[in-house]
Every structure is written in structure tokens, then in C-alpha cells.
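Position 1 is the first residue of the sequence, and the numbers go up from there. Just so you know, ligand 1 is whichever comes first in the structure, and atom 1 is the first atom listed for that ligand. Both backbone and side-chain heavy atoms feed into the values below; hydrogens, waters and symmetry mates do not.
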Amino acid sequence: MASEEHGRVGFIGLGNMGRPIAVNVAKQHDLVVHDAAGTAARAPDGSTVANTNGELAGIADTVMLSLPDGKIVAQVAEEIIETNNRRVSCLIDTSTIGPEAAREIQKRCADAKIEYVDAPVSGGTAGAAAGTIAVMFSGAEDSFTRVKPVLDSMSSAVFHVGTEPGMGQAMKLLNNFVSATSMAATSEAVAYGEGIGLDMKVMIDVLNASSGRTTASEDKFPNRIWNGKFDAGFTNVLMEKDVGLFLQSASAAGDNVEIAGAVAALWRRFLDAAPGDDLTKVYPFVKARN
Ligand code: NAD
């Protein structure tokens, strides 16, 4: 694959989201991987294990990141920049870090002659495994063309949403704000219905045949809450981060954040009460407050 313009592909961060993405990328590219919590057990079949981020930076040309937040992405970018025998010329960041952090990291990388592009993703761990997650790429047209084979190996739903650093992040934040809001609103609605004596399964079936249908009613409630699995694979730590970043970014732009303020406060309370819980446990949290 090194003959292709994007060169050898690396992947850093093999967590809930990163691992299934890396598994798909490894099916089409010669992949080298690293995760700070231990790589061997997480490495996709056929991939090469790097023992450190620096070792990976000396082997790979185009490196994908799936890391918890902007602070960690900035640290890892710095490690890559400071690698003596560095080979990396492009970072594709699939993490959710917000537009401001993406712009800062892009600038720092550009100074070090590394191209940084944001390509956050949405669609959950199941979507990542199925190769159907939305990929929200922002970068120049020629960069998009160059890394498209890498993006295509992670999903069939790749979107070129903008050319400026951080536009992919803005798209991702607004999506997750809508998702967090529908999850919070559906939880309040279903808790109200159960209080009246309505059956959860009946409510979900009716919502899904009506105008109240959302991803909360189509997926989270029937597949992960009603059956007691609570297994969306996305923690309240990440959801609180994403809604908080949306609120911060929209407030800084002077936009109206009336709904975002209320939704962010709910996710903050849920996070404080049960740090690390799956996002779907917001339903029992909301219901217990009635
Ligand atoms: P996670 O915590 O499960 O995985 C993060 C991984 O990064 C961990 O395995 C961790 O060991 C590794 N890591 C942390 N610091 C590192 C470092 N310095 N060097 C190397 N590896 C390091 O998180 P996740 O759920 O996989 O999410 C990753 C990113 O994807 C986040 O930004 C999140 O917001 C975004 N995202 C997640 C989902 C989801 O459904 N989980 C969906 C869309 C987007």
C-alpha cells in the first residue's frame, strides 16, 4: 500500500470506537497500531503492533487518531511531532474534540510540516463495526482525494463537510447535541408515560410509528434500555464532553443556546451521579428523579 499517496497507515487509540474502525481499516490497508492501555490484545488481525506512539510515528505516513479528548490529541500530536525519525506527514483525527481544539492542533501540526485534518465520526460502535458510521471530513479538496481510500476503508458514509480546520468538529458537535437532546427528551417522556401506567414497549412502538420517532426511540430504547442491556458503548463522560463543547462553541459564536444549556446541565448531573455509565442509563437516572 505504500505506493499509494497516503502511504502506510497507522492507528492510535483502540478503544470502544477506535478498535472496530481499525479492524475495518486493517482489512484494506497495511496497518500499524498503538494504544496506551496495551496494544497486543486490541490489535486487529493482520496489523503490526507498535510499542509507543513514537515507534508508530517512525513507521507510518498517515496516522488515524481515536482518542478521548482534545487535551490527549494535542499530547499525542506533540509526541509525533517530536519523534526524531518521524515519517508521519498526515494526521486524520476521528476523535471528538471541538472546533477550537482542532484549529489549534492543526496550526501546531502545520508549523511542524504535518497536515492535520478533522474527520470525526458518528453512528456508534455498532456502526463502526458495520462500516456505516458517518465520517465528517474537513480539509482541502486535494487532501480529501489523497486520504479518501483510507476514509473509505472505515465507512461507506464519508462526507466532505468543509475545507477549514474544525468544520468537521462543528458538524459532529451539532449532531451530538441533537442526539443528546432526543435521548434526554425521550427519557423524560417515557418516564412520564410509565408514571401514568403506559407500557414502555407500547410507547416505543407508538413513537416509532409517529412524529416523535428519533434514534432514541428507534435504537436506544428498544435495543438497549427495554431489555436492560444498557450497552450503547458510549459513556456519559463522552456525551457530557460533546454537549459541553457544543454549548461552549455556540456560546462563543454568540448563538442562542437556550435548549443546549438545559440539556448540558442534565448530562452534567448524570455524569456527576454515575461517572462512566453508558449513556442509555440516563433513562433510569431521569426516571428516579420523578
Ligand atoms: P475510549 O476511552 O473507549 O478509547 C480511547 C482509547 O484511547 C483508549 O483505548 C485509551 O487507552 C487510548 N488512549 C488514551 N490516551 C492515549 C495515548 N496518549 N496514546 C495512545 N492511546 C491512548 O473512547 P471511545 O469511546 O473509543 O471514543 C474515542 C473518541 O471517539 C472520542 O473522542 C469519542 O468522543 C469519539 N466517539 C466515540 C463514539 C462511541 O460510540 N464510543 C462515537 C463517536 C465518536
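The distance from ligand 1 to the heavy atoms of T96 drops below 4.0 Å at these ligand atoms: 32 (O), 34 (O), 35 (C), 44 (C). Near G233, meaning under 4.0 Å from any of its heavy atoms, are these atoms of ligand 1: 39 (C), 40 (O), 41 (N). Close contacts of ligand 1 with A37, meaning ligand atoms under 4.0 Å from a residue heavy atom, involve 11 (O). Residue K172 has at least one heavy-atom neighbour below 4.0 Å for each of these atoms of ligand 1: 43 (C), 44 (C). Each of the following atoms of ligand 1 lies closer than 4.0 Å to a heavy atom of G124: 40 (O). Against a heavy-atom cut-off of under 4.0 Å, I12 is close to the following atoms of ligand 1: 20 (C).
By the 3.5 Å distance cut-off applied to N or O atoms, A232 is not counted among the residues near ligand 1. Below 3.5 Å of separation, one finds no N or O of H34 facing any N or O of ligand 1. Between N53 and ligand 1, an N or O atom pair is found at a separation short of 3.5 Å. The distance criterion of under 3.5 Å between nitrogen or oxygen atoms is not met by D242 with respect to ligand 1. Every N/O-N/O distance between S95 and ligand 1 stays at or above 3.5 Å. Some N or O of N16 is nearer than 3.5 Å to an N or O of ligand 1, by distance alone. Taking distance alone, with nitrogen or oxygen atoms compared against 3.5 Å, I72 stays at or beyond that limit from ligand 1. The N/O atoms of G13, backbone and side chain alike, include none that comes under 3.5 Å of an N/O atom in ligand 1.
Counting heavy atoms under 4.0 Å from ligand 1, residue I97 does not touch it at all. At a heavy-atom cutoff of 4.0 Å, ligand 1 is contacted by no atom of D69, backbone or side chain. In K241, the part holding a heavy atom less than 4.0 Å from any atom of ligand 1 is the side chain.
In terms of protein heavy-atom proximity, atom 44 (C) of ligand 1 is nearest to V121 O, 3.6 Å. Closest to atom 18 (N) of ligand 1 among all protein heavy atoms lies V76 CG2, 3.5 Å. Distance from atom 8 (C) of ligand 1 to its nearest protein heavy atom, with residue and atom name: D35 OD2, 3.4 Å. Considering only non-hydrogen protein atoms, atom 14 (C) of ligand 1 sits nearest to P68 CD, 3.9 Å. Nearest protein heavy-atom contact of atom 4 (O) of ligand 1 is G15 CA, 3.3 Å. The closest protein non-hydrogen atom to atom 40 (O) of ligand 1 is F234 CD1, 3.2 Å. Taking atom 23 (O) of ligand 1 as the reference point, the nearest protein heavy-atom neighbour is L238 CD1, 4.3 Å. For atom 28 (C) of ligand 1, the nearest non-hydrogen atom of the protein is S66 OG, 3.5 Å.
Shown are T39, V63, I59; of these, the side chain to side chain contact (heavy atoms under 4.5 Å, CB included) with V32 is made only by I59. The one candidate from E188, E194, R224, K220 that meets the side chain to side chain donor-acceptor pair (under 3.5 Å) condition with Y283 is E194.
The shortest side-chain heavy-atom distance between T62 and I92 falls under the 4.5 Å cut-off. Annotation: side chain of H6 is not in contact with side chain of C90 (no heavy-atom distance under 4.5 Å).
Ion pair R146/E4 not flagged as a salt bridge, since none of the NZ, NE, NH1 or NH2 atoms sits closer than 4.0 Å to an Asp/Glu carboxylate oxygen. With respect to the salt-bridge test (charged N to carboxylate O, under 4.0 angstrom), the residues E104 and K107 do not qualify.
To the nearest 0.5 Å, atoms CG (D30) and CZ (R8) are separated by 4.0 Å. How far CZ of R213 is from CG of L207: 10.0 Å, rounded to the nearest 0.5 Å. Atom-to-atom distance recorded for L91:CG and Y116:OH is 8.0 Å, nearest 0.5 angstrom. Atom CG of residue L31 and atom CG of residue N24 lie 11.0 Å apart, to the nearest 0.5 angstrom.
In this structure, F137 and H160 have perpendicular ring planes: the angle between them is above 60°, well past the 30° mark.
The backbone N or O of V9 sits nowhere less than 3.5 Å from a side-chain atom of H29 that would complete a donor-acceptor pair. In this structure, the side chain of S210 does not engage the main chain of G212 through any donor-acceptor pair within 3.5 Å.
Taking all atoms of both residues into account, the shortest heavy-atom contact from G15 to D35 is N-OD2, 3.9 Å.
Side chain to side chain, E115 and S143 meet the donor-acceptor criterion of an N or O pair below 3.5 Å.
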